[in-house]
Amino acid sequence: MSFKKVWPAIVCFSFSLIAYFAYQFNGVTVDENGFLREAFFLIPISLSLFMLGSVLLVVFIALKVKAGRRSQLS
């Protein structure tokens, strides 16, 4: 597999893991007024980056298979 074409998917997966673990390590607290304090925005960011990385990986594999079939037909 060519790393030059897969690196965007790897970067998305890496940032997804970073956002997920940042949310887990940040923790959830309740302040003195009874408000819940958490970094909720990291959850959709993590999921979005994971899905983007998955789509990029599927597209790369589909293009690789298509190129392989094209070379077999020639």
Quiz item: Going only through I, L, V, M, F, W and Y residues with side-chain contacts under 4.5 Å, is there a path from V58 to V65?
Solution: no

Quiz prompt | salt bridge (charged side-chain N to carboxylate O under 4.0 Å, His left out) contacts touching residues 39-59 (sequence neighbours left out) | solution = none

Quiz prompt | Partner set under ring pair (Phe, Tyr, Trp, His ring centres under 6.0 Å) for F15, not counting sequence neighbours | solution = none

Quiz item: Do any pairs count as a side-chain hydrogen bond (donor to acceptor under 3.5 Å, both in side chains) and have a residue in residues 30-41, sequence neighbours left out, and if so which ones?
Solution: Y23-E38, D31-R37

Quiz item: Residues in side chain to side chain contact (heavy atoms under 4.5 Å, CB included) with L52, at least two apart?
Solution: C12, L56

Quiz item: In this structure, are over 12 heavy atoms from other groups packed under 6.0 Å from F50 atom CZ?
Solution: no

Practice problem: To the nearest 0.5 angstrom, please state how far the CD1 atom of I43 sits from the CD atom of Q24. | Solution: 8.0 Å

Practice problem: Would you please name every residue forming a side chain to side chain contact (heavy atoms under 4.5 Å, CB included) with I45, sequence neighbours left out? | Solution: A19, F41, L49

Quiz prompt | Pair listing, salt bridge (charged side-chain N to carboxylate O under 4.0 Å, His left out) test, anchored in residues 8-29, at least two apart | solution = none

Quiz item: Just how far is it from atom CG of L42 to atom CG of L47, taken to the nearest 0.5 Å?
Solution: 11.0 Å

Quiz item: Hey, any chance I10 and Y20 share a hydrophobic cluster, counting ILVMFWY side chains that come within less than 4.5 Å of each other, even indirectly?
Solution: no

Quiz prompt | Any pair counted as side-chain hydrogen bond (donor to acceptor under 3.5 Å, both in side chains), so long as it reaches residues 45-57, sequence neighbours left out | solution = S16-S46

Quiz prompt | Any pair counted as salt bridge (charged side-chain N to carboxylate O under 4.0 Å, His left out), so long as it reaches residues 7-19, sequence neighbours left out | solution = none

Self-check item: For V59, side chain to side chain contact (heavy atoms under 4.5 Å, CB included) partners two or more places apart
Solution: V55, L63

Exercise. State the OG1-CG distance between T29 and L36, to the nearest 0.5 angstrom.
Key: 7.5 Å

Quiz item: Taking only residues two or more places apart in sequence, or in another chain, which ones meet F25 in a side chain to side chain contact (heavy atoms under 4.5 Å, CB included)?
Solution: F21

